[in-house]
Amino acid sequence: MSLNINVELYVVDLRFRFRDLAYEGVVEVHVDSTGDLQLNAVDLRVRSVEVDGRSIDYVYDGRVIRVRGPVRGVVRVPFEGRVPDRLLGIYRAPYGGGYIITTQFEPTGARYFIPCIDHPAVKARFRVRVSVDGDYDVIFNTPPVRVYWDGRWKVFEFAETPKMSTYLLYLGIGRFFELRDRVGNVDVIFATPVRDRVEDGRFAIDVAKGVLDFYSNYFGIPYPLPKLHLIHVPEFAAGAMENWGAITFRETALLVGRGSTELTRRRVAEVVAHEIAHQWFGDLVTMRWWDDLWLNESFATFMSYKAVDKLFPEWSVWHRFLVDETAGSLLRDSLMSTHPVHVPISSEEEAFEIFDDISYGKGASLLRMLENYVGEEDFRRGLSNYLRKYSYSNASEDDLWGSIEEVSGKPVTRVMKVWVDKPGHPVIMVEDVGGGVVLRQSRFVLSGNTADTWPIPIVYRLNGAVNTVLMDRESITISGSSASLFLNVNGSGYYRVRYSDWSRALNNAANDFERWSVINDAYAHLLQGSIGLGEYLGLVRSLGGVVNYLLTTTVIMQLGTLYSIKPSSVKDVFIDYLRSQSKLLEGVSGMGDVRELVLSRRALVDEDYAKSIAGLVGDYQGLDPVMRQAVVNAYAVVGERPFETLRDLYRSLGTDEDRVRVLSAMLSIPSRDEYQKALDFLVSGEVKRQDLQYFTVGSRNPYVRDLNLKWLMSNYRRFIEAYGDPGVLSRLLTYSIPLIGIGQEDEVERFLNSLNLPGIEMGVRAGLELMRVYSRLFHNI
């Protein structure tokens with residue numbers, strides 16, 4: 001679509017029949033188009049098209065309204081729409097007492113709602129009026145300036161928005177219960193359709209107030225709207241969505257109740273901080289096209305950790321950053337089938353696939369590396385200048401690099417464009433040569449390294465002194481001996497290191513960030529086949545006496561994957577490690593998140609422990625919340641008729657936090673007959689559509705790979721039908737196929753290669769490539 005077009009204003013008048021799940025409306029587009037005008041409008045009934053009051057000819061194919069140009073003036077389109085159950089566009093979100101009508105527009109959902117130019121670079125103001133046939137509440141991006149009754153219609157007239165992109169619009173209709181607070185002159189509002197969950201929004205409100213204050217000060221730009229809604233949506237495909245002034249969340253990313261654990265509190269804080277960061281990065285300043293999606297997501301990810309660290313310094317949030325953002329993106333980026341952070345997008349359909357570890361985790365990790373390179377204050381000033389310059393407009397990565405480079409005086413553009421514009425990441429080999437140490441770089445790939453170079457800002461420690469160097473060629477030499485050398489100080493660099501002596505490297509690590517860097521690199525080299533299982537497990541044993549979120553979670557994730565690949569290869573070491581960690585955690589306060597992770601995983605692999613706690617399942621609601629996942633996991637492994645017991649428990653529970661714990665346990669049942677019942681339950685209609693994605697938990701179950709493959713072959717279309725988004729299926733294939741495919745590689749390849757579905761190609765390629773890595777490892781350990 002040509003973008004020789006300017007839209008100043010949309011005037012939108014909508015009338016909803018709530019019980020009929022139907023609406024009609026008129027959209028007036030104040031437009032100046034030098035070429036033909038194309039309005040996106042999917043599955044709507046278009047009645048007519050007028051320009052400045054005159055009926056004109058148009059063509060509508062069910063997806064696009066085409067009007068011969070040039071078109072200047074007010075384009076008026078009366079239309080009708082329906083509210084489906086698909087979790088994209090406008091849809092019905094059910095809960096126990098009824099449903100709400102809600103929206104999810106990123107990346108291309110606004111066209112299912114109203115005729116519009118659904119492109120991030122075509123920003124406009126929106127003036128919206130909504131009428132509904134009953135005493136319902138209506139939430140929009142801006143507050144209502146007038147609410148009144150017109151016969152049987154309740155009418156909401158909303159304040160005009162600033163210039164914004166269509167994908168950031170929001171509309172919610174139903175009965176909402178609220179908590180309200182203020183930060184300066186901004187109303188902060190929590191809204192839920194479930195009356196008895198209102199108080200569970202108080203933690204999110206408190207976090208929102210703190211991060212709004214933090215970002216306003218950090219960027220030097222006040223939050224630009226008069227209110228900010230945090231909206232509980234009972235059926236939601238994503239975790240959350242940054243609609244400007246009206247952020248939506250799935251329940252487990254927003255609500256914190258009496259049964260919530262420390263893990264849940266921390267996840268809620270990070271998600272709230274992430275979405276509020278978008279109010280500046282993404283909403284105030286928006287990428288020009290989806291190839292720069294990372295400008296939104298990477299910055300919101302990175303900034304959310306800075307904000308939460310400010311609010312909760314005792315949480316060690318940068319431990320979580322390395323586990324949740326850097327480690328996963330490095331693994332995905334170790335494949336030849338990865339993609340650049342700034343990924344070429346030739347069609348809107350391709351945009352669905354890039355909401356992944358690269359656009360979020362890798363981009364955020366590169367920003368951490370950049371901040372470390374230019375310094376915190378120059379980084380902050382560069383961001384502030386960028387946001388001021390492009391407010392209410394669109395920008396690209398070059399605009400950002402230029403802004404930080406101008407402030408810092410460092411070659412930011414030259415360095416960062418390489419990192420974001422090409423796929424993969426480097427590995428640095430360390431070699432003693434004569435009187436110095438030679439560092440050589442190549443591209444790290446799990447199937448075998450390839451020649452390549454990056455400008456790597458290296459921070460290293462030698463003989464106790466910290467030094468920096470920009471390594472922008474294949475090899476460099478530094479004076480000294482590798483005996484006292486540590487590369488990647490504080491684990492801030494987005495690269496791997498290949499040490500000749502891993503135990504010595506671990507001993508040279510000065511803190512837990514550096515110990516993480518060593519064990520993470522060693523694990524990657526194990527997957528690659530460059531070191532043996534015994535050498536890796538020796539490092540694990542040496543970390544058995546250290547307990548914290550960063551190292552404990554990392555080792556559990558690594559051993560858990562190896563267990564999923566081949567249980568017999570690591571079971572004894574895994575049990576010993578978990579028992580040691582459990583003992584270290586006894587009587588320790590302030591580590592509930594770590595304790596929950598250790599005990600829930602121990603219940604799956606240590607049968608003696610599982611037998612000792614499985615009987616507690618009958619008092620699930622009376623358990624310490626930290627123990628709940630461990631107890632249901634234990635019952636899944638050693639309990640009698642585990643599916644029926646867990647299903648009945650699932651039906652009795654009132655929160656998604658508890659329900660997904662039980663669902664995860666069901667999908668960990670080792671008994672084949674019982675596990676098949678869990679798979680059937682997943683698509684029975686009793687499980688929310690949003691939770692279909694928990695199939696990835698089952699894909700890690702090493703005892704039922706053939707059942708998982710058969711289920712996936714029969715049900716893969718459900719993911720596209722439920723979410724309206726092929727990207728969800730693409731990511732599911734990336735995460736599930738590598739483990740499901742072990743031992744049935746040919747059948748998996750035939751199945752995936754037979755799928756002729758646009759928008760899943762990245763997931764197919766990544767899933768198959770990692771499957772080959774895991775299959776090779778299965779035969780070698």
Side-chain angles (χ1 to χ4, degrees), residues 316 318-319 321-323 326-327 330 334 365 368-369 372-373 425-442 444 449 454 456-471 475-528 530-555 557-559 573 577 580-581 584:
S316 302
W318 296 107
H319 283 191
F321 182 89
L322 289 173
V323 171
T326 305
L330 278 169
S334 298
S365 300
R368 179 171 177 255
M369 183 170 72
N372 197 57
Y373 176 54
H425 61 273
V427 57
I428 301 174
M429 277 72 72
V430 181
E431 305 170 28
D432 279 304
V433 178
V437 180
V438 175
L439 307 180
R440 301 185 189 278
Q441 66 164 304
S442 58
F444 183 85
N449 297 339
W454 281 259
I456 310 173
I458 297 176
V459 183
Y460 66 94
R461 187 171 52 253
L462 187 65
N463 297 324
V466 174
N467 302 279
T468 62
V469 63
L470 183 64
M471 181 180 179
S475 68
I476 60 171
T477 301
I478 54 179
S479 59
S481 166
S482 65
S484 64
L485 175 69
F486 190 88
L487 293 181
N488 204 359
V489 167
N490 291 327
S492 61
Y494 195 79
Y495 55 86
R496 299 194 189 278
V497 182
R498 171 75 186 277
Y499 292 102
S500 57
D501 188 330
W502 291 95
S503 294
R504 185 172 67 189
L506 193 59
N507 288 333
N508 287 342
N511 54 44
D512 288 331
F513 291 107
E514 295 177 5
R515 294 182 190 96
W516 171 86
S517 179
V518 174
I519 194 69
N520 195 50
D521 289 347
Y523 175 71
H525 283 92
L526 169 66
L527 297 184
Q528 189 186 57
S530 304
I531 68 172
L533 179 63
E535 189 170 6
Y536 164 77
L537 293 180
L539 297 175
V540 168
R541 290 188 184 95
S542 68
L543 291 172
V546 181
V547 59
N548 59 50
Y549 186 91
L550 176 59
L551 292 172
T552 301
T553 306
T554 295
V555 172
M557 290 170 62
Q558 293 173 358
L559 290 177
V573 173
Y577 179 80
S580 171
Q581 293 284 297
L584 289 170

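For clarity, every value in this text was computed on a predicted model and none was experimentally measured.
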Nearest 0.5 angstrom please: Glu431 CD to Arg440 CZ, how far? 4.5 Å
Would Ser484 and Arg461 count as a side chain to side chain donor-acceptor pair (under 3.5 Å) if you check the C-alpha gap in whole Å, the side-chain angles of each, and the deciding distance to 0.1 Å? CA-CA 8 Å; Ser484 64; Arg461 187 171 52 253; over 6 Å; no
Pair Leu537-Leu559, side chain to side chain contact (heavy atoms under 4.5 Å, CB included): steps then yes or no: CA-CA 9 Å; Leu537 293 180; Leu559 290 177; 3.9 Å; yes
Within the side chain of Gln558, is there an N or O that forms a donor-acceptor pair under 3.5 Å with the backbone of Ala524? no
Quick one, Pro457 and Met369 - any side-chain contact, counting heavy atoms below 4.5 Å? yes
Determine whether a donor-acceptor pair (N or O, by modelled atom type, separation under 3.5 Å) exists between the side chain of Glu535 and the backbone of Ile531. no
With heavy-atom distances below 4.5 Å as the criterion, would you say the side chains of Thr554 and Ile519 are in contact? yes
Is the closest side-chain heavy-atom distance between Leu487 and Ile428 below 4.5 Å? yes
Name the one of Asp512, Asn372, Asn511 that satisfies side-chain hydrogen bond (donor to acceptor under 3.5 Å, both in side chains) with Asn490? Asn511
Ring centres under 6.0 angstrom apart (His425, Tyr494): yes
What pair of heavy atoms forms the shortest contact from Ala522 to Trp502, and how long is it? N-CZ3, 3.5 Å
I would like to know whether Gln528 and Asn449 meet side chain to side chain donor-acceptor pair (under 3.5 Å); could you show each step before the answer? CA-CA 9 Å; Gln528 189 186 57; Asn449 297 339; 2.7 Å; yes
Can you tell me how the ring of Phe513 sits relative to the ring of His319, calling it parallel under 30°, perpendicular over 60° and tilted otherwise? perpendicular
Minimum side-chain heavy-atom gap Tyr495-Ile458 below 4.5 Å: yes
Counting only N and O atoms by type, is there a donor-acceptor contact under 3.5 Å from the side chain of Gln581 to the main-chain atoms of Gly544? yes
For Asn548 and Leu551, which heavy atoms make the closest approach, and how far apart are they? OD1-N, 2.8 Å
Nearest heavy atoms of Pro426 and Ile456, plus distance in Å: CG-CD1, 3.6 Å
As a quick check of understanding, evaluate side chain to side chain contact (heavy atoms under 4.5 Å, CB included) for His525 and Tyr536, giving each step before the final call. CA-CA 9 Å; His525 283 92; Tyr536 164 77; over 6 Å; no
Closest non-hydrogen atoms of Ser442 and Met429, given as atom of the first, atom of the second and distance, are OG-CE, 3.4 Å
Measuring from Leu322:CG to Ser517:OG, what's the distance to the nearest 0.5 Å? 8.5 Å
Of all the heavy-atom pairs spanning Ser334 and Leu330, show the shortest one and how long it is. OG-O, 2.6 Å
Side-chain (Asn488) to main-chain (Phe486) donor-acceptor, under 3.5 angstrom: no
Any side-chain heavy-atom pair from Tyr460 and Val437 closer than 4.5 angstrom? no
Would you say the side-chain atoms of Asp521 pair up with the backbone N or O of Arg496, donor to acceptor, closer than 3.5 Å? no
Main-chain N/O of Tyr577 paired with Arg541 side-chain donor or acceptor, under 3.5 Å: no
Residues forming a side-chain hydrogen bond (donor to acceptor under 3.5 Å, both in side chains) with Ser475, sequence neighbours excluded: none
Would a distance-only check, ignoring hydrogens and angles, find a side-chain to backbone donor-acceptor pair under 3.5 Å from Ser542 to Leu539? yes
Applying ring-ring contact (aromatic ring centres under 6.0 Å, His included) to Phe321 and not counting sequence neighbours gives Tyr305, Trp318
Shortest non-hydrogen pair, Asn520 vs Ala327, comes out as OD1-CB, 4.1 Å
At what distance, to the nearest 0.5 angstrom, does CG of Leu506 lie from CG of Leu543? 5.0 Å
With a 4.5 Å cut-off on side-chain heavy atoms, are Gln441 and Val427 touching? no
Find out whether Tyr373 and Leu470 are in side-chain contact, i.e. whether some heavy atom of one side chain is under 4.5 Å from a heavy atom of the other. yes
For the residue pair Val430 and Leu485, establish whether any side-chain heavy-atom pair is separated by less than 4.5 Å. yes
